[in-house]
Amino acid sequence: MDGAVNPRGEADFDVERIRADFPILATEHRGKKLVFLDSGASAQKPRQVIDTMIRTMETAYANVHRGAYHLSETATAAYEAARAACARFLNAPRPEDIIFTSNSTMAINLVAHSYGRGIMKPGQAVVISEMEHHANLVPWQMLRDGHGTELRVCRITDAGELDLNHLAELLADGKVGLVAVTHMSNVLGSVTPATLIARMAHEAGAKVLFDGSQAAVHRRVDVQAIDADFYCFTGHKLYGPTGIGVLYARAALQKAMPPFLGGGDMIASVTFERTTWAEPPAKFEAGTPPIIEAVGLHAAIDYVEAIGLPAIEAHERALVDHAMATLPHVEGLTIYGKAQDRGGVFAFALDNAHAHDLSTLLDRAGIAVRAGRHCTEPLHERLGAGAGTCRASFGLYTTKAEIDYLAEALASARRFFA
Amino acid sequence: MFDDLRDLYQEVILDHGRKPRNFRRLENGTHHARGDNPLCGDKMELWLALNEDGTIADAAFQGRGCAISMASASLMTETVKGKSVADAHKLGEQFRELAMTGTCPHCAAGLEDEMERLAPLSGVHEFPSRVKCATLAWHTLNSALDNQGKEASSE
């Protein structure tokens, strides 16, 4: 597995060999082979991640940054090596630019608190988009209500792309302190033009945050090329464990921002009268961090990089093309989003079946999809799909045959409800 | 492909799901409540008209949701018409037991016919994530009868 792409642009990608790394894909559910199309919610874990976490607990575990004994030093080195791996993964300038959190939600809340409350002034505005996950919406509403900032919502086009003209209008008065948008929609699959958005934000005097929860799994992210101020992703969608998230934050911002949570590990010295903060990123990591999870995330990054992001991207592009060639033939099926640049996420609805009924049927066929509004209630209202949709999302183990099987099951479900 | 799901989606459920009965506003209603399942986006609005003797003269609903939740609301409005408030509450309790366990061994005497009518929904007990779809209408009925104006939630 060397990540090569052949001249036809197809990945030199042995999907069966990859599938063999994921023990859960060999399991059966109610006598049906598992067809897991919910990686956008949380991805499955390869043997390499599972084994690394077990081995860590069995042979190399202690608390970090505390003990002066060998085992603690070993664990600390492993934890910090994970930070360095995340920095390389995002092409961050230094390992210290990476703050470990518990997930993307916590990363965004950290920025809302430390940058929003700590640096932004009441009256300044935060710009989000219509296609944000609740995780990149609710923290900014809370900031608005608690700190007096304004919340502006950038429209999307009917194709499901960010409306850049509207973004320019929202930035025009110079009051925007932060643009916080997704790098890839978890519903429409739309990939946003991050470099351009960052330039527009900076020219208007604003900082920019990208929610990379979906994007970081599907393509190479380079925070320096994008010129991002903040970029976050979560471990469990990247074939790693739950309980660990990553926030890249520009060094100068980390220095200026006050801490988020108080406690151990984030301090330099403590008296009853006053406390001084540790240097970043420790300043933002109060309490015992997710040590085993960091090591697991490191293993996941190693796993993904061994396959190669270009190969993963090519594999997923082939899956997206295949889905776009297959699913529209299912009678009565609506697929949401027609972005030019889209990743392996498809929200859809059948004309004669509610999303929940449909997912119950698909589950009976062994197919796991998400049903509901996928933490994007306002987007579903915008799409005229307030009753909910089903969503199929692909991972590096997804096959074209699984997409064919989904299409077949959808046609069969439509007949069932006819 | 899905023949074994006919226990859950019996013909009567598909029929009530497609063509819910009493699917209208009740202009002269005496009781009203909204029900909401925030997880999946099901929403319903229920109206009741009570006689002076406390029996339910009419029941109607509007809303959006899956076949199970629409069929359950439809069957419920048919079933509670003509019942006393106490019997409506009792039916609700028994229905929740039926939806969660598939049976109702302690069902009260005198309401057997009504429970028979609701029995097609008993299949949801095998689908833990769908039980709430079936019980939303009955939660909404409770809040219409007990807490005027308070929104019912399946959560």
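Every chain is numbered from 1 and lettered A, B, ... according to where its sequence line falls, protein lines coming before strand lines. Values below: every heavy atom of this structure, side chains too, minus hydrogens, waters and symmetry copies.
For A:A385, no part lies under 4.5 angstrom from a heavy atom of chain B. Within the 4.5 angstrom heavy-atom criterion, no atom of A:A371 approaches chain B. At a 4.5 Å heavy-atom cutoff, the contact between B:D42 and chain A is made by side-chain atoms alone. Of the two parts of B:F2, the backbone and the side chain both hold a non-hydrogen atom closer than 4.5 Å to a non-hydrogen atom of chain A. If you measure heavy-atom distances from A:S359 to chain B, you find no contacts under 4.5 Å at all. The part of B:L14 that comes within reach of chain A is its side chain, from C-beta onward, which places non-hydrogen atoms under 4.5 angstrom from that chain.
Taking chain B as the reference chain and counting heavy-atom pairs below 4.5 Å, the highest number among A:R415, A:H380, A:R373, A:R364 is found for A:R364.
Separation of the A:F417 and B:Y9 ring centroids falls under the 6.0 Å cut-off.
Atom CD of B:E116 is surrounded by 12 or fewer heavy atoms from other residues, nucleotides or ligands within 6.0 Å.
Under the 4.5 Å side-chain criterion, counting only non-hydrogen atoms from C-beta, A:L410 is in contact with A:L358. Contact check for A:T242 versus A:N103: no side-chain heavy atoms found under the 4.5 Å cut-off. With contacts defined as side-chain heavy-atom distances shorter than 4.5 Å, the pair B:K19/B:D15 qualifies. Annotation: side chain of B:N22 is not in contact with side chain of B:S74 (no heavy-atom distance under 4.5 Å). Residues A:V369 and A:D38 fail the side-chain proximity criterion, which asks for heavy atoms closer than 4.5 Å. Annotation: side chain of A:R414 is not in contact with side chain of A:F416 (no heavy-atom distance under 4.5 Å).
Applying a 4.5 Å heavy-atom cutoff, none of the residues of residues 129-138 of chain A approach chain B. For a heavy-atom cut-off of 4.5 Å, chain B lies close to A:H354, A:H356 in residues 344-356 of chain A.
The residues A:R342 and A:D321 are annotated as not salt-bridged, no charged nitrogen and carboxylate oxygen being separated by less than 4.0 angstrom.
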